[in-house]
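Numbering of residues begins at 1 and proceeds along the displayed sequence.
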Amino acid sequence: MRSLAGTSELIWYCVRRNGIVQRDGWLRCAKLDDLRKCVNASPDDIVEVCKVYRLQAVPPRRFTEVFMNRARGLNGIEFSFRDDLARLAPTRMIAANLSFERALDKFLLQRDIDLRTFVAHGSLRTFSAEQFLLKADKGNGRIDLFRGSTLVDEKPAISRTAVAEMADGIGQWMINNQCSDGAIPYKYWPSRGTVSPADNAIRNFLGSWALARWGKFSGNDAFRLAARRNLRFNLRRYFKPIGDGRGAIVESSGAKLGAAAIAGLAILENSGGDEFVEELSMLGKGINSLADDKLGFRTFFFPQERDGENWNFYSGEALLFWAVATRLGLPTAPSISRCVSTFETCRSRHYRRRNPAFVPWHTQACAVLYGLSGCRNFADFTFEINDWLLPMQQWHGLPPDMKGRFYDPARPEFGPPHAASTGVYLEGLATAVSLARMVNDPGRVSAYEVAIGRGLRSLRQLQFRGAHDAFYVSKKKRVIGALRTEVYDNAIRIDSAAHALLAAERILRQTGVEAPELPVPNLGSMLE
């Protein structure tokens with residue numbers, strides 16, 4: 001970190017009270033010790049500061065090359081058009097969840113000029129800036145920031161304490177955001193302080209599943225009860241009979257195999273009494289109806305034209321439900337031989353067009369099937385696909401806050417980096433490391449544990465861990481414990497939280513290979 005003393009330099013300041021902007025602007029200040037007084041900050045205020053130390057001209061044609069997501073929150077941007085100048089500090093862009101492209105669009109719109117005119121007569125500059133918060137407490141008055149957040153130490157070893165803290169934070173965030181009817185918002189915008197109108201049934205049921213599992217592991221009845229209320233709400237909202245004794249999870253966009261499978265797993269995790277017996281039975285029959293000897297599974301009940309979409313995700317989710325149902329001896333469960341033949345079909349299809357989305361779900365299904373059959377093919381395939389996944393985890397050559405995420409820049413079609421992706425890959429790796437221990441494969445145990453430690457560092461970096469990470473958020477209770485989508489995108493989604501919570505529980509448990517480990521529920525007459 002460069003020295004901040006002694007020189008008069010360009011500084012962005014923003015005085016905030018409870019996350020709300022009181023005043024902001026640019027100034028030159030010789031002494032940072034005097035900055036709070038200079039901007040009239042009260043003892044209850046926190047001052048957000050960016051100290052510029054390098055300004056560099058950028059030809060407009062190089063806009064996308066320089067102003068990429070990776071630079072967002074680290075570098076600021078300056079627009080100049082004739083006598084008009086606008087400068088956006090890195091932390092201001094993080095606080096507003098503003099991309100460089102959107103910043104340019106707003107600049108042009110506010111001045112009623114088109115891009116061609118700006119390219120001809122305007123100019124751009126980028127700048128780097130040291131970031132920190134100034135509090136009234138002189139003893140600990142300065143908090144250093146990196147991309148608008150405090151940095152997590154780079155510790156590749158797995159810290160059980162850190163994992164438990166992350167999981168408890170996520171669970172508490174879910175409870176804090178649960179509505180009286182049991183709903184937990186699918187997506188929340190911290191910068192706006194509003195719930196997004198977007199919706200996704202699969203991800204909502206993931207929340208039900210994850211919260212119930214964490215409640216069981218932690219022994220916390222508050223989590224278990226919240227999970228059950230959430231599951232009840234989700235089933236009431238999405239579950240529909242679709243004929244022939246089948247049930248599905250129905251949304252405006254159709255009915256997906258993956259949604260039925262995750263809802264079924266959530267019901268099993270929320271076991272207790274006969275409340276969801278009918279829904280579970282009908283979902284099981286619905287999933288069975290989409291099994292296909294040539295494809296493994298079809299992926300949509302309807303509309304028919306979408307069948308085949310998201311096969312890498314949904315086939316693994318369905319096979320995992322089948323494997324757990326078979327282990328529990330549910331009436332709708334397929335035979336172990338049917339599970340094996342479907343696994344072989346999915347494996348062959350994966351070889352023809354490999355995709356990392358296939359890996360974590362099929363890993364978990366294979367672990368359960370290995371526990372049922374003892375067939376080494378399930379273990380070998382688990383190791384093969386996770387070995388293939390490992391090089392996609394990024395560590396070297398990245399800014400420190402990005403280390404540990406999963407993304408292959410050479411294969412952008414595999415999807416962008418995302419908290420939910422890192423979380424679900426850790427679920428698979430935590431299962432794979434248990435399996436590696438079972439078959440006495442210390443090399444893979446070591447490799448997978450390194451990847452898990454790095455992935456956990458990434459998730460902890462994305463978590464709103466305290467008030468300092470949420471200095472720009474007015475409704476802090478709505479965000480503390482949640483995970484941002486990426487270091488430069490503070491949008492919160494329930495699937496990011498759910499996958500991280502499922503991974504944390506699995507990492508902390510690490511007993512046996514039958515993942516996920518589900519107790520036999522009390523299903524009453526269903527087993528008679």
Side-chain angles (χ1 to χ4, degrees), residues 1-2 68-75 90-91 94 128-133 140 142-170 356 386 389-409 416-430 432-433 443-471 480-490 496-497 499-501 503-504 506-508 510:
M1 182 70 71
R2 290 163 46 99
M68 61 185 76
N69 276 334
R70 183 167 163 173
R72 185 169 150 195
L74 294 181
N75 297 337
T91 55
I94 288 293
S128 302
E130 295 167 343
Q131 310 171 13
F132 47 93
L133 303 176
N140 187 25
R142 172 178 151 180
I143 301 166
D144 291 328
L145 301 178
F146 189 91
R147 208 189 306 261
S149 182
T150 52
L151 275 176
V152 173
D153 291 339
E154 295 177 20
K155 295 180 179 178
I158 299 169
S159 166
R160 292 181 63 86
T161 299
V163 178
E165 288 176 353
M166 180 184 76
D168 268 330
I170 291 171
N386 282 277
L389 174 70
L390 286 185
M392 298 180 201
Q393 186 178 40
Q394 296 183 299
W395 190 254
H396 301 291
L398 284 178
D401 58 339
M402 288 184 172
K403 291 185 173 184
R405 69 182 190 173
F406 287 81
Y407 176 59
D408 186 352
H418 197 292
S421 298
T422 299
V424 74
Y425 292 141
L426 290 190
E427 284 185 70
L429 285 164
V433 79
R444 284 195 168 93
V445 169
S446 177
Y448 296 162
E449 284 186 338
V450 168
I452 290 169
R454 290 175 171 180
L456 287 169
R457 196 226 66 82
S458 176
L459 294 181
R460 286 286 281 163
Q461 185 66 60
L462 294 174
Q463 188 172 34
F464 284 105
R465 286 161 280 128
H468 300 152
D469 297 315
F471 68 88
I480 298 299
L483 274 67
R484 295 168 290 152
T485 297
E486 244 296 353
V487 292
Y488 45 76
D489 180 358
N490 66 25
S496 299
H499 282 306
L501 192 54
R506 181 62 182 162
I507 291 163
L508 291 170
Q510 288 297 324

Side-chain contact, heavy-atom cut-off 4.5 Å: R506 with L426? no
Specify the closest pair of heavy atoms between A420 and S496, including all atoms of both residues, with the distance to one decimal. N-OG, 3.6 Å
Can you tell whether the side chains of R405 and E486 come within less than 4.0 Å, N to carboxylate O? yes
From OG (S421) to OH (Y407), nearest 0.5 Å: 11.5 Å
Rounded to the nearest 0.5 Å, how far does CG of L508 lie from OG1 of T161? 9.5 Å
Min side-chain heavy-atom separation R454-K403 under 4.5 Å: no
Any heavy-atom pair between the side chains of M402 and Q394 that's under 4.5 Å? no
Correct closest heavy-atom pair for Q131 and P90 would be NE2-CB, 3.6 Å
Taking all non-hydrogen atoms of both residues, which atom of G404 and which atom of T422 are closest, and how far apart? O-CG2, 4.2 Å
Shortest non-hydrogen pair, L459 vs A419, comes out as CD2-O, 3.7 Å
Measuring from T91:OG1 to L74:CG, what's the distance to the nearest 0.5 Å? 11.0 Å
Does R147 make a cation-pi contact with Y488 (under 6.0 Å, within 45 degrees of the axis)? no
Can L390 and V450 be said to form a side chain to side chain contact (heavy atoms under 4.5 Å, CB included), step by step? CA-CA 10 Å; L390 286 185; V450 168; over 6 Å; no
Decide yes or no for S149 and R465: does some side-chain heavy atom of the first lie under 4.5 Å from some side-chain heavy atom of the second? yes
Test item: D469 and Q463 side chains (from C-beta on) under 4.5 Å apart, heavy atoms: no
With a 4.5 Å cut-off on side-chain heavy atoms, are D489 and R484 touching? no
Kindly indicate whether the side chain of F146, heavy atoms from C-beta on, has any atom under 4.5 Å from the side chain of V487. no
When rounded to the nearest 0.5 Å, the distance separating CG of L501 from CD of E427 is 9.5 Å
For the atom pair NE2 (H468) and CG (L133), what is the distance rounded to the nearest 0.5 Å? 7.0 Å
Kindly indicate whether the side chain of D144, heavy atoms from C-beta on, has any atom under 4.5 Å from the side chain of T150. no
Looking only at non-hydrogen atoms, find the nearest pair between A504 and M166 and report the distance. CB-CE, 4.0 Å
Apply side chain to side chain contact (heavy atoms under 4.5 Å, CB included) to residues I143 and F471 and explain how you reach the verdict. CA-CA 11 Å; I143 301 166; F471 68 88; over 6 Å; no
Pairwise distance CG(L429) to CD1(I452) - rounded to 0.5 angstrom: 5.5 Å
Which heavy-atom pair separates R457 from D401 by the least distance, and what is that distance? NH2-O, 2.9 Å
